Amino acid sequence: MHVEVTTPTQQQQRTFIQMRTVLKVVDNSGAKKVMCIQALKGKKGARLGDTIVASVKEAHPNGKVKKGKVVYGVVVRAAMQRGRCDGSEVKFDDNAVVLVDKQGQPIGTRVFGPVPHELRKKKHVKILTLAEHIA
């Protein structure tokens, strides 16, 4: 009889960004953490490049957005894997978001950390131009 031991981190299946998911904010808009209220596209939830409605849970004291404000955001890093057209898969070790206004323009002027080039297909070219590293 063969018994395979798996750690809890190997068992955890990464899923969509859904209601009550806490995401890290990777721009200089003033927010640190936001909680997803609603994914604007799809029944199950948001994936890489999707827009969400979120509530600011933590913020810098003198930033543009304050705690408790309802904001829009684009998911730029997701722990759930996403297939690319060349057969490879991309996934990140955290869930991160860039805050945008209703028209889709970024609130901050800088984007930190890697950003996948799939955002070009989703018409978020402005976020790609602000990003310091494109994965």
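All figures in this text were calculated on a predicted structure; none of them were measured in a lab.
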Handout entry: Within-4.5 Å side-chain heavy-atom neighbours: Pro106 and Leu130
Key = yes
Exercise for the section: Report yes if some heavy atom in the side chain of Leu48 is under 4.5 Å from a heavy atom in the side chain of Phe92; otherwise report no. Expected result: yes
Practice task
Verify whether one side chain among Thr109 and Asn28 offers a donor that lies under 3.5 Å from an acceptor in the other.
Solution key: yes
Exercise for the section: Please identify each residue that fulfils salt bridge (charged side-chain N to carboxylate O under 4.0 Å, His left out) with Arg84, with sequence neighbours left out. Expected result: Glu118
Exercise for the section: Please examine the side chains of Val100 and Val71, heavy atoms only from C-beta on, and report whether any two atoms are closer than 4.5 Å. Expected result: no
Fill in the blank from the handout: Sequence neighbours excluded, the answer for salt bridge (charged side-chain N to carboxylate O under 4.0 Å, His left out) partners of Lys122 is Asp50
Handout entry: Shortest non-hydrogen contact from Phe112 toward Arg77
Key = O-NH1, 3.5 Å
Handout entry: Side chain proximity check, Val97 to Val26, heavy atoms < 4.5 angstrom
Key = no
Exercise for the section: Give a yes or no answer on whether the side chain of Arg47 reaches the backbone of Gln81 with a donor-acceptor pair at less than 3.5 Å. Expected result: yes
Handout entry: Val25 vs Leu99 side-chain heavy atoms within contact, under 4.5 Å
Key = yes
Practice task
Answer yes or no: is there a donor N or O on one side and an acceptor on the other, between the side chain of Lys24 and the main chain of Asn95, under 3.5 Å?
Solution key: no
Practice task
Give every residue pair that meets the salt bridge (charged side-chain N to carboxylate O under 4.0 Å, His left out) criterion with at least one member in residues 100-111, sequence neighbours excluded.
Solution key: none
Handout entry: N/O donor-acceptor pair under 3.5 Å between Lys66 side chain and Gly63 backbone
Key = yes
Exercise for the section: Please indicate whether Lys41 has more than 12 foreign heavy atoms, meaning atoms of other residues, nucleotides or ligands, lying under 6.0 Å from its NZ. Expected result: no
Fill in the blank from the handout: Tyr72 and Leu40 have their tightest heavy-atom pair at CE2-CD1, 3.7 Å
